[in-house]
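Note that the structure is predicted; figures quoted are calculated from it, not measured. These numbers come from the heavy atoms of this one structure, side chains and all, not from hydrogens, waters or symmetry mates.
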Amino acid sequence: MKKKGSKGFGPETIFRLVGFAFFAYLFFGFMLLPCLNTLTSIFTTKNAAGEVDPWAVVRFFFAGNMSKYVWNSLKLAVLLVITVNVVGVSIVLLTEYFDIKGARILRLGYMTTLIYSGVALVTGYLFLYDRNGIITSALVNAFPGINPNWFSGFNAVLFTMTFACTSNHVLFLRNAIRGIDYNTVEAARNMGAKPFAVLWKVVFPTLIPTMFSLTVMTFITGLCAMSAPTLLGYDSINPEIVRLAGSSIADEAFPQARAALLSIILAMFTIVLLAVLSAYERKGHYLSVSKTKAKLQKQKISSPVGNVLAHIYAYVLFIIYMTPVVMIVVFAFQTYGAIRMKRLDLSDWTLINFFGTQDYEYLTSRGTYKVRKGSISGLFSNEATLGGIKLSFIMSAIAALLACLIVVLACNYIFKNRNKKRGVIVEYCLLFPWLLPTILICYSYRTFFNSDTVWYVGNNNLYYADRVRLLIILAYTVVKLPFSIRMIKAAFYAIDEELEDAAKNLGASSVLTFLKVKLPIILPSVLAVFALNFNALFTEYDMSATFASSHGTTYAMIIQSMCEEEGLYGYNVNASGRRCASTVFIMLVSGLILYLVYGVGGRDLGERLELKEKRKKRRDKLLSRFHKDSGVKAAAE
């Protein structure tokens, strides 16, 4: 007879064993082993005689030009830390701390990088500043001596990424500024401190933890930059890894091992930076504030000259942020000829860049005209572009869903074993991908699974043909696990343990308790994480470029290809128009998702119930009025 309280071999035990097996399969099979294979490939390189030479790649690194890519990435990362922090801190201070006229409008302009980023943002800047860009064309016409190729290389990458990477400041530093206790600011001013002295000695010290985290994130972003260096022609680590991954021994010396070494170097930098950040956070940083916290009030700039300069600076930044957005939106509704010539024609608006097709007539080298039927196609009428949208949408949705599902089950287990080592081990294993650059994980997948000898995937080559899509989904999922667990784990803290105990006392099983009690509480946070993951993956370029394949051409890669020469002999026609339309489409999708996350999803349960009750009352009022009007009309007849 089974003793009371013994678990036995029931459904819950089977579920737990299956969960352990799946977790071990996920961690060892898709996180650890592929990356270890990349590490060992560095020391198994063969020389020209066919002999294994463990130090061949290292010698090549110091003798060749590989060190140039590392230096270029380090230079970009260091300077980005300076420029992004200067611009990021200033835009937050201008909209949240100082009393600047039109701060709400300025804030909207500064937040545009939240709704379009990555390859879409870079192509937006190219539309303005490349050799045929709107602003470059205007400058060349006004000043013929200007080099039309000025927007390329390191300076172009630094300029673009400086304004692209302030999104984290807008999100996190803004919240930190708003959390400052105004009593401390007022006390310092009452003691005779000048406004900028208060800012430096009172406000900035409270922002140091946030600033340190933002600095580390910016440094890693610059170090692992991919889309901007690729499109703007700058030799950094990630584009070189992707190039080497597609090369062969016949083209150059041991390209795969060189790519592996560069990936490991990136991983070392990332691990060191995250270790420093963790050590800094463990120290703890506290600021003594009053018990009755006062809301921060905006500070007026007392100096008239300083006030004017601050306003000029604020609106110059606003113009820099908004010009690409406005120009892209406007030209998205212009004809092919207007976009090609970069001339705005307000009398002729069209939707051809989004829908429909037109014939294209061009002059051949022999002086004869030819016509290609339907070559000028819109975003949703172009087969390649529409295919990229569908593929990215499906893969991003599946990966975002898988990441949330895995993390929700893992967090439930972690909280049930919060005081045990196995719970900590599960959490750290899911955070493991954060220690590695995205490019290393993707490169490891490409080389490790490009074989039919991996037994735990059925000896199938996952990089072959349509299977590469499964490989991309796996990479997407693994890369998003750390972010998902940090966000969803925070939602589990909101669960009252008494609710779980009450469900158990009523005889509910652990599975039923999870489905009926825990899941409804954390569901808004899970949906928010799903939306953010999807938003990031839908236009993701770095991983897509690593898995370059005709069967896995994502939306971001389609957008990147639109930057190539268009219209030559009737091919790749209207690429600029589709590029503008793509950016507008991405901004609409991203804006909708952010609204659902921070607007609808940001409301707590009480607010949602209150809004639901208001909608019900409004509906009942409209129905009663309708019935009343119908009754009056019937009586009159």
Side-chain angles (χ1 to χ4, degrees), residues 68 72 75-76 78-80 82-84 86-87 90-91 109-110 112-113 116-166 222 225-236 239 309 312-332 334-346 363 559-568 572-580 582-583:
K68 177 187 71 174
N72 285 349
K75 181 174 69 171
L76 177 62
V78 171
L79 289 179
L80 266 184
I82 299 172
T83 58
V84 171
V86 169
V87 175
S90 61
I91 64 176
Y110 300 152
T112 52
T113 53
Y116 83 123
S117 58
V119 67
L121 184 143
V122 178
T123 55
Y125 277 85
L126 280 172
F127 187 73
L128 293 180
Y129 303 114
D130 71 356
R131 62 175 292 107
N132 297 314
I134 300 170
I135 293 179
T136 300
S137 298
L139 290 174
V140 170
N141 291 333
F143 308 98
I146 291 180
N147 180 13
N149 296 314
W150 68 275
F151 194 74
S152 62
F154 173 75
N155 293 331
V157 173
L158 182 63
F159 177 82
T160 302
M161 294 191 67
T162 294
F163 296 99
C165 296
T166 55
M226 178 70 179
S227 55
T230 299
L231 294 176
L232 298 174
Y234 182 64
D235 296 329
S236 60
L309 291 176
I312 293 174
Y313 176 67
Y315 280 95
V316 167
L317 289 179
F318 178 78
I319 292 172
I320 294 175
Y321 276 98
M322 286 300 296
T323 302
V325 177
V326 173
M327 289 293 102
I328 286 172
V329 171
V330 171
F331 273 93
Q334 291 288 287
T335 61
Y336 169 75
I339 297 173
R340 183 76 172 173
M341 301 303 295
K342 301 297 190 297
R343 292 178 181 175
L344 190 61
D345 185 2
L346 298 179
L363 184 66
I559 296 175
Q560 187 269 340
S561 68
M562 293 178 190
C563 298
E564 299 173 0
E565 182 66 29
E566 63 176 316
L568 186 61
N572 200 27
V573 180
N574 200 34
S576 296
R578 289 197 302 275
R579 196 168 75 190
C580 293
S582 294
T583 305

If we only count heavy atoms from C-beta on, is the F159 to I320 side-chain gap below 4.5 Å?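 Yes; the side chains approach each other to less than 4.5 Å.
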Going by heavy atoms in the side chains, are Q560 and T123 under 4.5 Å from each other?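 No. Closest side-chain heavy atoms not under 4.5 Å.
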Using 0.5 Å steps for rounding, measure from the [atom1] atom of [X] to the [atom2] atom of [Y].
X: I559; Y: S582; atom1: CD1; atom2: OG; value: 5.0 Å
X: R578; Y: Y336; atom1: CZ; atom2: OH; value: 10.0 Å
X: L232; Y: Y129; atom1: CG; atom2: OH; value: 12.0 Å
X: S576; Y: F331; atom1: OG; atom2: CZ; value: 10.5 Å

Taking all non-hydrogen atoms of both residues into account, name the closest pair between [X] and [Y] and its distance.
X: Q334; Y: I339; value: O-CD1, 3.6 Å
X: L76; Y: A225; value: CD2-CB, 4.1 Å
X: S227; Y: G118; value: OG-C, 3.8 Å
X: L121; Y: A164; value: CD2-CB, 3.6 Å
X: P239; Y: M226; value: N-SD, 3.7 Å

Do [X] side-chain atoms and [Y] backbone N/O form a donor-acceptor pair below 3.5 Å?
X: Y234; Y: N72; value: yes
X: R340; Y: N574; value: no
X: T162; Y: L158; value: yes

For K68, which residues count as a salt bridge (charged side-chain N to carboxylate O under 4.0 Å, His left out) partner, sequence neighbours excluded? D235
Going by the side-chain hydrogen bond (donor to acceptor under 3.5 Å, both in side chains) test, which pairs reach into residues 312-327, not counting sequence neighbours?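 Of all non-adjacent pairs touching residues 312-327, those that pass side-chain hydrogen bond (donor to acceptor under 3.5 Å, both in side chains) are S90-Y313, T166-Y321.
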Show the atom names and distances, to 0.1 Å, of all donor-acceptor pairs under 3.5 Å that link a side chain in residues 138-154 to residues at least two apart or in another chain.
unit_1 : atom_1 : unit_2 : atom_2 : d
N141   : ND2    : S137   : O      : 3.1
N147   : OD1    : N149   : N      : 3.1
N149   : OD1    : R131   : NH1    : 2.7
W150   : NE1    : T136   : OG1    : 3.1
S152   : OG     : N149   : O      : 3.0

Which residue, Y116, F163, F127, forms the side-chain contact (heavy atoms from CB on, under 4.5 Å) with P324?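 Going through Y116, F163, F127 one by one, the side-chain contact (heavy atoms from CB on, under 4.5 Å) with P324 is satisfied by Y116 alone.
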